[in-house]
Amino acid sequence: MAKAVRKDEPIEALLQEGRKFPPPKAFTKSARVRSMALYQEARRNPVRFWEREAKELAWIKPWTRALEWKLPYAKWFIGGQLNASANCLDRHVQGPRRMKAALIWEGEPGDSRVLTYWELYREVSRFAAALRKGGVKKGDIVTIYMPMIPEVVVAILACARIGAPHSVVFAGFSPESLRDRINDAKSRVLITADGGYRRGGVVALKLNADEAIKECPSVQTVIVARRTKQDVPWTTGRDVWWEDFIRDAPARCAPERMDAEDMLYLLYTSGSTGKPKGIVHTTGGYLTGVTTTMKYIFDLREDDTFWCTADIGWVTGHSYVVYGPLSNGASVVMYEGTPDWPDKDRFWRIIEKYGVTILYTAPTAIRTFVRWGEQYPKGCDLSSLRLLGTVGEPINPEAWVWYWKVIGGGRCPVVDTWWQTETGHILITPLPGVTVCKPGSATLPFPGIEPEVVNQKGEPAQAGYLVLRKPWPGMLRGIYGDPERYTQTYWSQVPGVYFTGDGAKRDKDGYFWLLGRIDDVMNVSGHRVSTMEVESALVEHPTVAEAAVIGKTHEIKGQAIAAFVTLKHGHTMTPELQNQIKAHVAHKIGALARPDDVIYAAELPKTRSGKIMRRLLRDIAEGRALGETSTLADPTVVATLKKAYEE
Ligand code: ATP
Ligand code: MG
């Protein structure tokens, strides 16, 4: 049970999770990292470690200084010049990877395309040449609003090739969200598609784009890739089909010389906590960070087939669908649609079809698969898999173990990777060949990274705020056009220290356990209770698939815990089950954490990237008007919950 804590501690640790999973012997035997030497090297001199890794990239001009750190801005590899697209393509087509599959693409209707490095290089060069011819210059921000089709990767790398930062807007976003992002970036060029396939239907992207740019005075050109072949509205003089746009362009395009600190892209956060922030990433440090983490964390080998299921609209899509894998010369699987189309086994069918060896997905997806049942993965051959990863939210230990057992067959290490849009690449993670995993813990900092857990005063704490004191290569270089918000959001909570916004605890082995967002921490009878721990206890109940907890105002306790839960297939909520679930939590982590309410939810409100939005549940429970909802995946979910709650 919880010990007495000082009132000023931001969070307490309640849940004990004792299971340990050492790396499977067969895996370690041939793993890239088999000893702690990498950690030791990085600890001796982190900057020199990153420099050694950076040297593996193709530089046009070497850097003169590795790091300049003027709080709150870092610069890496100053004076160095390189091009991200040339690193992802040109250096591979000059060697034996020329005819290797770069992109293995699967459309939702079942069509597929494979592009070799040579083919991708040609397509990117041609599109880049056309953009240049169309007047796009180094520094112009190009907005991309596209489905998961090969052209989106071509567009991204073409922008990088000519030094035009890209701003990718998730294709599930509404015209309003697109409009705001275009206006923030002041893009002259928008790249989109007629539509995209999703759950058997089509998403009218061009129609949305037209709606958005009615209020975007900066947009002069709209390039439209053809995917669904549906009818689209057309503005002559402004709109141009992709194939017409590239028709007369040469298939060669010299990559722009980019300074290491030139902007590579702008990307808005997923907006779990409020209005999205335009995060700025630059070229040299970012590419070093994603290339290095990709190689070691995913134990990348020449013959791997890597599938990261994230949408290109999120940072995970940028770092681990495009830049990380391609910079390493890997074969990447990309899937256009949803996991339940035409049936709930689609992911497993894709793994079987392409012989995927490494799967990187999100806890939200894993919990959904748990809810659907084991029969779907069990019906497919998943024996090609050798490594699994997760990102996006804390993964509840039960979900972790399910992933390890049912998907990985007990032979694949699971890497729970913690990072953010702002960090650019993974910062806390196991290295699969050496780290003993504990389900629910992202384990240890990546070599060269030094996070800490501190209290409000910035002093070391067993549980509290997750912060970083030292810069790392892929860190954000600001919020676009808003230096004040940058300082305010990230450098003021604990002065002079990067504030992640997440709560964490450390155990006796120094492992990091992410406890959820600090904004979501509950205050029950003077105890600061994390959402993650109560949710993990809930999910451990055999009937519960997914849970979200919040603190709701209570006269005596300050806050009482309300738990919203979804149930596994075949179960229904009854008053008896509610009591059982409450008792289970109390038994697992203490009477203090016993929920006052257990509320059945058919679905939980999530962002479009699949993260639970607890602040909306708080609004529902407190009977307030709902806060910012533009990043919500399905607005009907909150409406239904609100109704159910009020009854
Ligand atoms: P916003 O900042 O606009 O509210 P967001 O934080 O959801 O949006 P992202 O940058 O996509 O936007 O998400 C990063 C956050 O996701 C982290 O701060 C953390 O809360 C959570 N997260 C990601 N990976 C993990 C992980 N492995 N374990 C625990 N939490 C994770
Ligand atoms: Mg965030």
- In terms of side-chain heavy atoms, does S609 have a donor or acceptor partner in T607 at a distance below 3.5 Å? yes
- Below 4.0 angstrom, N of the basic side chain to O of the carboxylate: do D520 and R615 qualify? no
- For W348, which of F369, W372, Y376 qualifies under ring pair (Phe, Tyr, Trp, His ring centres under 6.0 Å)? F369
- Kindly determine whether K588 and E540 satisfy salt bridge (Lys or Arg N to Asp or Glu O under 4.0 Å), including the steps that lead there. CA-CA 9 Å; K588 188 75 196 161; E540 212 188 64; 3.3 Å; yes
- Centroid-to-centroid, W307 to F347, below 6.0 Å? yes
- Message: Taking NZ in K470 as the centre, count heavy atoms belonging to other residues, nucleotides or ligands within less than 6.0 Å. Is the count above 12?
- Response: no
- Item | All side chain to side chain contact (heavy atoms under 4.5 Å, CB included) counterparts of K568, not counting sequence neighbours | V370, A545, H571
- Y197/W341 aromatic ring centres below 6.0 Å: no
- Crowded around E628 CD? As in, over 12 foreign heavy atoms under 6.0 Å? yes
- Going from CZ on R618 to CE on M613, what distance comes out if it is rounded to the nearest 0.5 angstrom? 10.5 Å
- Would you say Q375 has more than 12 foreign heavy atoms packed within less than 6.0 Å of its CD? yes
- Task: May I ask you to decide whether R469 forms a salt bridge with E450, counting only side-chain N to carboxylate O separations under 4.0 Å?
- Result: no
- Query: Is it true that R199 and D340 have a side-chain N and a carboxylate O under 4.0 angstrom from each other?
  - Reply: yes
- Query: Is a side-chain donor or acceptor of E533 paired with a backbone partner of L14 at a separation under 3.5 angstrom?
  - Reply: yes
- In sequence, state the C-alpha distance, the side-chain angles, and the governing distance for K552 and D596, and then conclude on salt bridge (Lys or Arg N to Asp or Glu O under 4.0 Å). CA-CA 10 Å; K552 113 185 199 211; D596 275 30; over 6 Å; no
- Name the orientation class of the two ring planes belonging to Y486 and W491 (parallel below 30°, tilted from 30 to 60°, perpendicular beyond 60°). perpendicular
- Query: So, are E393 and K611 salt-bridged, with charged N and O less than 4.0 Å apart?
  - Reply: no
- Task: Measure up the H281 and Y286 rings against each other and bin them: parallel (under 30°), tilted (30 to 60°), perpendicular (over 60°).
- Result: tilted
- Query: Can R181 be said to sit on top of Y268's aromatic six-ring, NZ or CZ under 6.0 Å from centre and within 45° of the ring axis?
  - Reply: yes
- Answer yes when E535 and R367 have at least one side-chain N-carboxylate O distance shorter than 4.0 Å, and no when they do not. no
- Query: Counting N and O atoms only, with roles assigned by atom type, does the side chain of H527 sit under 3.5 Å from a partner on the main chain of V529, one being a donor and the other an acceptor?
  - Reply: no
- Message: To the closest 0.5 Å, what do you measure between OG (S177) and CZ (F170)?
- Response: 10.5 Å
May I have the list of side-chain donor-acceptor pairs in residues 493-501 shorter than 3.5 Å, sequence neighbours left out?
residue: Y498; atom: OH; partner: Q420; partner atom: OE1; Å: 2.8
residue: T500; atom: OG1; partner: L466; partner atom: O; Å: 2.7
residue: T500; atom: OG1; partner: D502; partner atom: N; Å: 3.0

